[in-house]
Amino acid sequence: MIGADDAVSVRPGGAGRGYYAPRRTIKPPPAHQNCAYRAPVPGGGCYALPVADLANEFSWSRTRDNAFQECRRRYYYQYYGAWGGWDANADPTVRRLYVLKKLATRQMWAGRLVHEAIERCLLALRDGHGLSEASLIEDTVRQMRAEWKGSRAGVYRETPKRPSLFEHEYSVPIRDSEWQAIRDHIVRCLRNFHRLPVLTEIKRTPTERWIFIEDIGSFPFEGTRVFTAPDFGYWSPADRLQLLDWKTGGGGEGAALQLGGYALYALEVLGVDLSRVDLLEVNLREGKVTPHPWDEVSLERVREHIRLSVRSMKAYLKDPERNLAEESGFEKTEELRICRWCNFRSVCRPELAPFAPPAPVEGTPAKEEKVG
Ligand code: SF4
């Protein structure tokens, strides 16, 4: 799963989704005649523009927790400084932070493409028309090329919701072979996905027993909306709830916390006791599924982690009730190795040295970079 980052809701209480971009629940258009916020819709009436009601509500996610632990200033930029920058008329600094916030490294980008491809595949299966492995890979590689070209052309600077790569923004010199390795990695993950025994079981399972997580990616926890959700779930023939997390990279240190969050999700959102739940980490790079056992003790550890994390984040706020923050209250990290790959480095530490060109490979003429 890719952590829910844009923890945004539209009043009242819109539900977000578990990864990439939370879905927003927007009410159907009222028949406003003299509404100050009206926008035209087909067939008359108007949508009350959702931006008018957007509120930067405090929420918690593992991605947010990571940003907070790594650098307080980065956390501020990500969750407060960039707020509202989706509006092209926003203050230029806010807009700039928003553009930077949306950057993804090539590894994150690959992960998103794989997640989206798998979601497309499962949705097609649910609707009774399976996508072949070849067509899924072909479509994904096509999407990858289009996104890469758009990013290299800098389309995202005007349209920040379009995919943007950190490597392009910061002119990180990447060899052809490295871009091709990303493509190969995506293809490998999708091939492995199609060969997973768990996919065979999913296909055999009636779709009424599938649980698509994307509509309920968050839940209230002790007064805070928590964004954490597995990628997919289904009830096995043995009547056990299988919660799956697609991984395209290494598990990393946060894997336990992430899976613990899913255990909490099972309990709080699906109302299923842990004794009936299997948490499965699906490593798509290796084609391996690892079950993670959980019990009440480990779950309590996760609850405590979230509680402490929420408390620390709120302690940094100028006004916790209104979720108001002030930049000067969020210190910069002293660890420059973190700054090197930070999206906000051009704003925060412009003095950092640019990325050096790669050492030439002996006997190879220099070439223009391109994705394979
Ligand atoms: S450049 Fe460094 S100090 Fe500034 S926000 Fe990024 S990680 Fe923090």
Side-chain angles (χ1 to χ4, degrees), residues 2-8 20-21 56-87 90-112 151 154 156-157 160-161 163-174 227 249-250 252-255 257-258 305 308-320 323-357:
I2 297 177
D5 196 2
D6 280 325
V8 173
Y20 188 40
N56 188 0
E57 288 169 4
F58 183 86
S59 63
W60 188 92
S61 70
R62 198 174 66 96
T63 316
R64 189 168 178 136
D65 185 49
N66 284 344
F68 185 74
Q69 300 305 337
E70 282 209 332
C71 172
R72 305 293 199 248
R73 181 62 61 89
R74 180 159 108 194
Y75 169 82
Y76 169 83
Y77 286 147
Q78 185 95 8
Y79 295 98
Y80 297 93
W83 179 259
W86 55 81
D87 182 346
D91 173 278
T93 308
V94 173
R95 180 73 169 170
R96 174 92 184 116
L97 290 175
Y98 184 74
V99 169
L100 296 176
K101 166 187 164 154
K102 306 297 277 181
L103 297 173
T105 62
R106 60 195 188 280
Q107 292 83 4
M108 290 159 70
W109 174 55
R112 173 177 61 78
S151 169
Y156 61 89
R157 294 197 187 101
K161 294 209 170 174
S164 53
L165 285 161
F166 178 96
E167 286 79 354
H168 288 146
E169 175 66 18
Y170 287 107
S171 306
V172 186
I174 304 290
F227 283 84
E253 285 173 12
L257 176 61
Q258 186 170 9
H305 180 102
L308 284 175
S309 174
V310 165
R311 209 175 299 153
S312 319
M313 287 173 185
K314 287 198 168 174
Y316 268 76
L317 294 175
K318 188 165 176 249
D319 182 346
N323 194 26
L324 291 182
E326 220 167 50
E327 182 174 340
S328 56
F330 293 77
E331 69 272 16
K332 298 181 183 184
T333 181
E334 293 304 321
E335 290 193 54
L336 296 184
R337 62 173 184 85
I338 296 178
C339 301
R340 189 170 161 76
W341 285 92
C342 169
N343 285 10
F344 303 104
R345 53 174 278 171
S346 58
V347 168
C348 179
R349 290 209 196 272
E351 70 278 12
L352 282 181
F355 286 84

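Just so you know, these numbers use all the heavy atoms, side chains as well, and skip hydrogens, waters and symmetry mates. Each ligand, and each atom within it, is numbered from 1 in the order the structure gives.
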### Query
In terms of side-chain heavy atoms, does S309 have a donor or acceptor partner in W60 at a distance below 3.5 Å?
yes

### Message
Quick check on the 6.0 Å ring-centre criterion: do Y75 and Y316 meet it?
### Response
no

### Query
Is it true that E335 and R73 have a side-chain N and a carboxylate O under 4.0 angstrom from each other?
no

### Message
Closer than 3.5 angstrom, by distance alone: can the side chain of N323 be matched with the main-chain N or O of N56 as a donor-acceptor pair?
### Response
yes

### Query
Can you tell me how far SG of C71 sits from CZ of F330, rounded to the nearest 0.5 angstrom?
11.0 Å

### Message
Within the 3.5 Å criterion, strictly below it, is a donor on Y170 or S346 matched to an acceptor on the partner's side chain?
### Response
yes

## Note on the structure
So the protein N/O/S atoms within less than 2.8 Å of atom 2 (Fe) of ligand 1 come down to C339 SG

